[in-house]
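Okay, structure first, notes after.
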Amino acid sequence: MRVPSRSPGQQPGTSVASATPARRVPRGVARRPAPPAAPDLDAYRAAVAELLIEVGALAEPESAGARQVLLDERLREPAIAAVLDATPQGLIGARETLLLEMARYRPNPRSSAADLTALVRIYLLSRIDMLWWRDAPTFMTDAEVNGSADLVDLEWLRRRDLLRFRYQEQPATVVGRGVRAVRRRLLPDARPRTAGLKFRRARREVVGLLNDIGREFARITPPGTPPLWVTSLVRSAAHQHQLRRLGYAAMVPSGHCLGYAVDVELAWFERFGARDALAGLLLARQRAGEVNVVDEGQAWHLCLAPAAGLRFRRSYEAEMGV
């Protein structure tokens, strides 16, 4: 055991004087508080992964009480609480929303949440989007999406061969839906099975991101592999709630309603031997700090990171010559 010295000199708790003059704060001027440290997203994702294992072990209906106790404990752990507390809802709001989502959950073919574990994963990992873009305004109505100067028309870009990804729009008429149904019967695997985009609009930096991913995907996959396929982009809050009523796992609040989140097809690329390549590409982008990735089964959810926004905005402007 170390015994404190009784000899004169430096005493416990004191420091050696520095030869550098101390920086004085003028009287009457308050010290500026240091900015809070950003939450550790790697630690958050790791803690969520551990939580999902425990949720999966309590998946039976009679385990509802045990699941709530588990969430009460685990959501307060520092790695998880730091992220949830920094979202607009805060820790308590996020907890209550998650418990309500779990209580209302009913499996159905439309939902990307195949079970309760998937629901918890989608909700908790998508909170990173809200942490990043908590100050961004929400597109509340369809009219706001269609009229926003912050969004560009993808069809205008597609016709000029300026997109490195594909998409399809939702049919607007009964005739259009009939044509879509006939095409699926005749060529069932020609396109991903997705309803398509309600809004063919996107933020410029998101187009820059998708074009960059699309180019890399084309470079690392065998010849004949179809281009990157986008299944969802910006949504209005009204449309998000409509999707919830139809049974989709459409979380609220959502990065889609801020214009920074997208969904890209994964499952369809299995038939081309390219699914794993795309998954690895997206996870590498997450490790590089460019996006947040949420595995939603058939499609994966991506959200652009604020730190990468300016770079992809400039990339878009360089590509479009603006």
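Throughout, numbering of the chain's residues begins at 1 and tracks the sequence.
Val252 and Leu258 fall into different hydrophobic clusters, defined by Ile, Leu, Val, Met, Phe, Trp and Tyr side-chain heavy atoms under 4.5 Å apart, directly or through other members. The cluster map of Ile, Leu, Val, Met, Phe, Trp and Tyr, joined by side-chain heavy atoms under 4.5 Å apart, puts Tyr248 and Phe199 in different clusters. Criterion: ILVMFWY side-chain heavy atoms under 4.5 Å apart, direct or through other members. Under it, Val264 and Phe272 are part of a common hydrophobic cluster. By the rule that hydrophobic residues join a cluster once side-chain heavy atoms approach within less than 4.5 Å of another member, Leu197 and Val234 end up as members of separate clusters.
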Discussion item. Please determine whether salt bridge (charged side-chain N to carboxylate O under 4.0 Å, His left out) holds for the pair Arg235 and Asp263, giving the CA-CA distance in whole Å, both sets of side-chain angles, and the decisive distance to 0.1 Å.
Written reply: CA-CA 11 Å; Arg235 303 172 188 159; Asp263 295 340; 3.3 Å; yes
Discussion item. Assess the residue pair Tyr167 and Glu155 against the criterion (side chain to side chain donor-acceptor pair (under 3.5 Å)); give the C-alpha distance rounded to whole Å, side-chain angles, the decisive distance to 0.1 Å, and a yes or no.
Written reply: CA-CA 10 Å; Tyr167 63 90; Glu155 190 63 14; 2.7 Å; yes
Discussion item. I'd like to know whether Tyr44 forms a side chain to side chain contact (heavy atoms under 4.5 Å, CB included) with Ile80, so could you lay out the CA-CA distance, the side-chain angles of the two residues, the decisive distance to 0.1 Å, and finally the verdict.
Written reply: CA-CA 5 Å; Tyr44 177 75; Ile80 295 180; 3.9 Å; yes
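For the side-chain contact (heavy atoms from CB on, under 4.5 Å) with Ile220, the qualifying choice from Thr225, Leu278, Leu281 is Leu281, the only one to do so. The side-chain contact (heavy atoms from CB on, under 4.5 Å) test with Tyr316 singles out one residue from Leu157, Leu209, Asp212, Val206, and that residue is Leu157.
Between the OG1 atom in Thr87 and the CG atom in Asp129 there is a gap of 11.0 Å [rounded to 0.5 Å]. In this structure, the separation between OG on Ser236 and CD on Gln242 is 8.5 Å, given to the nearest 0.5 Å. Summarising the geometry, atom CZ belonging to Arg200 is positioned 13.0 Å from atom CG belonging to Leu151; distances are rounded to the nearest 0.5 Å.
The closest donor-acceptor contact from the side chain of Thr141 to the backbone of Glu144 lies under 3.5 Å. Looking only at distances, a side-chain donor or acceptor of Thr97 sits under 3.5 Å from a matching main-chain atom of Gly93. In terms of modelled atom types and a separation under 3.5 Å, the side chain of Asn211 and the main chain of Leu162 share a donor-acceptor contact. Judged by distance alone, with hydrogens and angles left aside, the side-chain atoms of Asp85 form no donor-acceptor pair with the main-chain N or O of Ala81 at under 3.5 Å. In terms of modelled atom types and a separation under 3.5 Å, the side chain of Arg121 and the main chain of Asp295 share a donor-acceptor contact. Side-chain atoms of Glu101 never come within 3.5 Å of backbone atoms of Met251 as a donor-acceptor pair (strictly under, hydrogens ignored). Looking at Asn292, its side chain does come within 3.5 Å of a backbone N or O of Leu125 through a donor-acceptor pair. For the pair Arg76 (side chain) and Asp72 (backbone), a donor-acceptor distance under 3.5 Å is present. Between the side chain of Arg134 and the main chain of Leu131, a donor-acceptor pair closer than 3.5 Å is present. In this structure a side-chain-to-backbone donor-acceptor pair under 3.5 Å is missing from Arg67 to Met102.
Ring centers of His301 and His256: under 6.0 Å apart, within the cut-off.
The heavy-atom pair separating Pro107 from Ala114 by the smallest distance is CB-O, 4.5 Å. The minimum heavy-atom distance between Pro39 and Val83, with the atom names listed, is CB-CG2, 3.7 Å. Taking both residues in full, the closest heavy atoms of Leu119 and Tyr105 are given as CD2-CB, 3.9 Å, listed atom of the first, atom of the second, then distance. Listed here is the closest heavy atom pair of Gly56 and Thr117: CA-OG1, 3.4 Å.
By the side-chain contact (heavy atoms from CB on, under 4.5 Å) test, Glu62 pairs with Glu60, sequence neighbours left out.
Classification of the Trp133-Tyr260 ring pair by plane angle, with boundaries at 30° and 60°, yields parallel.
More than 12 non-hydrogen atoms from other residues, nucleotides or ligands lie less than 6.0 angstrom from CZ of Arg160.
For Glu265 and Arg166, the salt-bridge test fails: no basic side-chain N is under 4.0 Å from an acidic carboxylate O.
Note that Arg127 lies in the cation-pi zone of Tyr123, set by a 6.0 Å cut-off to the ring centre and a 45° limit from the axis.
Listed by first then second residue, pairs satisfying ring pair (Phe, Tyr, Trp, His ring centres under 6.0 Å) with a partner in residues 205-226 read Phe217-Phe269, not counting sequence neighbours.
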Please table the atom pairs, donor to acceptor, closer than 3.5 Å between any side-chain atom in residues 302-315 and protein atoms at least two apart or in another chain.
from: Arg311; atom 1: NH2; to: Glu290; atom 2: OE2; distance (Å): 2.6
from: Arg313; atom 1: NE; to: Glu317; atom 2: OE2; distance (Å): 3.2

